[in-house]
Amino acid sequence: MSVLERLKTLLGIAEERPLYLRALKATDIPAVLIIERKMYSYPWSEEIFRDCLKVGYSNWAFIKDGEFIGYAILSVAVGEAHILNICLDSSYKGQGLGQKFLDEILIVAKEKQVSCVFLEVRPSNIAAVNLYKKTGFKKIGQRKNYYPAPDGKEDAIVFSLDIALDSD
Ligand SMILES: CC(C)(COP(=O)(O)OP(=O)(O)OC[C@H]1O[C@@H](n2cnc3c(N)ncnc32)[C@H](O)[C@@H]1OP(=O)(O)O)[C@@H](O)C(=O)NCCC(=O)NCCS
């Protein structure tokens, strides 16, 4: 992607392109909640998303052919980013779009001088675990009983990816 395209993306004015990221806005929250509640058994509340916008996290909307199809929330500080949520509407799963979305998010992180990206994921979320492994994330730990689950609690795998030395 050219510098101009990247700038347009960051400014949210790249509507002529079929697939792009733009900053997430408060007006997106109803669409976010529809996807969030469809995709997760334990979805974030509206208040959490409003707080993410309020505290100035790095919040992204993923747009395909003008449609809002997903979102990502990152906290970024002193060279580290934490992907707190990345989610794609089920209608668009399995088409390589989650990978593209994650790749774009990693480019954004790099532009923010991030050298290491962290995230947590349920071991039972096979699609996400495979996506992260395929992208080069390495398991660095496991948090016991981190997530709510139907039969009590589920651990979280902690993944990290060093993006400081990538060439692109
Ligand atoms: C996780 C998620 C982003 C993946 O998006 P996606 O568009 O379906 O994934 P892609 O088509 O880009 O696939 C990329 C890779 O992910 C893995 N993957 C995706 N779907 C998979 C599935 N059903 N089973 C196993 N692996 C899968 C594969 O490694 C795949 O690479 P491959 O096609 O070369 O095998 C998407 O399923 C999603 O938003 N899920 C709900 C929210 C969520 O769980 N977020 C992560 C929280 S930590």
Side-chain angles (χ1 to χ4, degrees), residues 1 9 17-25 28-53 57-77 80-110 114 116-163 166 168:
M1 186 180 289
T9 296
R17 286 186 297 120
L19 197 63
Y20 65 94
L21 287 186
R22 65 155 168 78
L24 192 73
K25 303 176 281 195
D28 294 319
I29 287 183
V32 166
L33 290 173
I34 289 171
I35 298 175
E36 176 79 9
R37 289 169 184 160
K38 190 162 41 159
M39 301 308 294
Y40 291 114
S41 307
Y42 299 90
W44 283 10
S45 65
E46 177 171 354
E47 195 184 0
I48 292 177
F49 284 105
R50 294 206 179 278
D51 283 348
C52 290
L53 292 175
Y57 281 161
S58 186
N59 304 304
W60 296 97
F62 196 37
I63 309 294
K64 183 180 188 306
D65 300 326
E67 296 284 317
F68 181 96
I69 67 162
Y71 49 89
I73 311 283
L74 281 81
S75 72
V76 180
E80 291 183 357
H82 200 129
I83 300 178
L84 302 172
N85 198 339
I86 179 164
C87 190
L88 187 71
D89 188 290
S90 54
S91 324
Y92 298 92
K93 282 174 73 175
Q95 302 169 34
L97 293 172
Q99 181 75 70
K100 282 203 173 73
F101 191 19
L102 179 59
D103 291 346
E104 287 293 309
I105 291 297
L106 295 175
I107 292 170
V108 166
K110 260 189 172 182
V114 164
C116 197
V117 181
F118 297 91
L119 58 85
E120 280 100 21
V121 61
R122 290 175 187 265
S124 62
N125 190 346
I126 303 297
V129 168
N130 285 350
L131 169 64
Y132 300 138
K133 283 184 178 167
K134 190 181 165 195
T135 309
F137 280 84
K138 302 280 182 243
K139 180 178 172 177
I140 58 162
Q142 186 134 341
R143 296 191 204 282
K144 288 305 267 180
N145 301 322
Y146 187 76
Y147 294 112
D151 49 357
K153 295 276 187 184
E154 181 174 2
D155 291 355
I157 299 174
V158 184
F159 274 124
S160 81
L161 178 68
D162 187 346
I163 56 172
D166 288 3
D168 55 335

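Worth knowing before you read on, the calculation uses all heavy atoms, side chains too, and leaves out hydrogens, waters and symmetry mates. Counting convention: from 1, in listed order, for ligands and their atoms alike.
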Q) Counting heavy atoms only, which of Ala72, Ser90, Gly94 comes nearest to atom 6 (P) of ligand 1? A)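 Looking at heavy atoms only, Gly94 sits closest to atom 6 (P) of ligand 1.
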
Q | Proximity winner for atom 4 (C) of ligand 1, if only heavy atoms of Leu119, Leu97, Leu131 are counted | A |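 Selected option, by shortest heavy-atom distance: Leu131.
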
Looking only at protein heavy atoms, which one is nearest to [atom], and how far off is it?
atom                    : result
atom 5 (O) of ligand 1  : Gly98 CA, 3.4 Å
atom 20 (N) of ligand 1 : Ala127 CB, 3.5 Å
atom 42 (C) of ligand 1 : Tyr40 OH, 3.4 Å
atom 38 (C) of ligand 1 : Leu88 N, 3.9 Å
atom 41 (C) of ligand 1 : Met39 CE, 3.7 Å
atom 35 (O) of ligand 1 : Lys134 NZ, 4.8 Å
atom 45 (N) of ligand 1 : Ile86 O, 2.8 Å

**Q.** Audit row: Ile105, Ile83, side chain to side chain contact (heavy atoms under 4.5 Å, CB included) steps and yes/no
**A.** CA-CA 9 Å; Ile105 291 297; Ile83 300 178; 4.3 Å; yes

With heavy atoms under 4.0 Å as the rule, classify the contact between [X] and ligand 1 as side chain, backbone, both or neither.
X      : result
Lys93  : both
Phe62  : neither
Gln95  : backbone
Asn130 : both

Geometric N/O contact [X] with ligand 1, under 3.5 angstrom:
X      : value
Glu120 : no
Gly96  : yes
Tyr132 : no

Nearest 0.5 Å, what's the [atom1]-[atom2] distance between [X] and [Y]?
X      : Y     : atom1 : atom2 : value
Arg122 : Tyr40 : CZ    : OH    : 9.5 Å
Ser75  : Asn59 : OG    : CG    : 10.0 Å
Leu88  : Ile35 : CG    : CD1   : 7.5 Å

Q) So, does Glu154 use its side chain to make a donor-acceptor pair with the main chain of Tyr146 at under 3.5 Å? A)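 Flag not set: sc Glu154 to bb Tyr146 has no pair under 3.5 Å.
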
(Q) Tell me whether the rings of Phe118 and His82 are parallel (<30°), tilted (30 to 60°) or perpendicular (>60°). (A)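 Aromatic pair Phe118/His82 classed tilted.
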
State the atoms of ligand 1, each with its element, that fall below the 4.0 Å cut-off from a heavy-atom position in [X].
X      : answer
Cys87  : 39 (O), 42 (C)
Asn125 : 43 (C), 44 (O), 46 (C), 47 (C)
Gln99  : 12 (O)
Val121 : 48 (S)

Q | Between Tyr57 and Asp51: side-chain donor-acceptor atoms closer than 3.5 Å | A |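 Asp51 and Tyr57 do not have a side-chain donor-acceptor pair below 3.5 Å.
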
Q | Min heavy-atom dist Lys133 to ligand 1 below 4.0 Å | A |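 Under 4.0 Å: no for Lys133.
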
Q. Is the closest heavy-atom distance from Phe101 to ligand 1 below 4.0 Å?
A.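 It does not; every heavy atom stays at 4.0 Å or beyond.
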
(Q) With side chain to side chain contact (heavy atoms under 4.5 Å, CB included) as the test, pick out the partner of Tyr71 among Ile86, Asp89, Val32. (A)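 Checked Ile86, Asp89, Val32 against Tyr71; only one passes side chain to side chain contact (heavy atoms under 4.5 Å, CB included): Val32.
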
(Q) Taking the six-membered ring for Trp, are Trp44 and Phe49 closer than 6.0 Å centroid to centroid? (A)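 Here the rings of Phe49 and Trp44 have centres that are less than 6.0 Å from each other.
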
Q. Below 4.0 angstrom, N of the basic side chain to O of the carboxylate: do Asp28 and Arg22 qualify?
A.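 Answer for the salt bridge query: yes.
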
Q: Before giving the answer on side chain to side chain contact (heavy atoms under 4.5 Å, CB included), spell out for Phe68 and Leu24 the whole-Å C-alpha distance, their side-chain angles and the decisive distance to 0.1 Å.
A: CA-CA 10 Å; Phe68 181 96; Leu24 192 73; 3.7 Å; yes

Q) Is atom 13 (O) of ligand 1 less than 4.0 angstrom from at least one protein heavy atom? A)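 Given the 4.0 Å limit, the answer for atom 13 (O) of ligand 1 is no, no protein heavy atom qualifies.
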
Q. Would you say atom 18 (N) of ligand 1 touches the protein, meaning some protein heavy atom is under 4.0 Å from it?
A.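 True for atom 18 (N) of ligand 1.
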
(Q) Show, in sequence, the C-alpha distance, side-chain angles and deciding distance for Glu104 and Lys100, and conclude whether the salt bridge (Lys or Arg N to Asp or Glu O under 4.0 Å) test is met. (A) CA-CA 6 Å; Glu104 287 293 309; Lys100 282 203 173 73; over 6 Å; no

Q: Decide side chain to side chain contact (heavy atoms under 4.5 Å, CB included) for Gln99 and Thr135; before the verdict, give the C-alpha distance in whole Å, the side-chain angles of both, and the deciding distance to 0.1 Å.
A: CA-CA 8 Å; Gln99 181 75 70; Thr135 309; 3.1 Å; yes

Q. Is atom NZ of Lys133 surrounded by more than 12 heavy atoms (other residues, nucleotides or ligands) closer than 6.0 Å?
A.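 Result for NZ/Lys133: open.
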
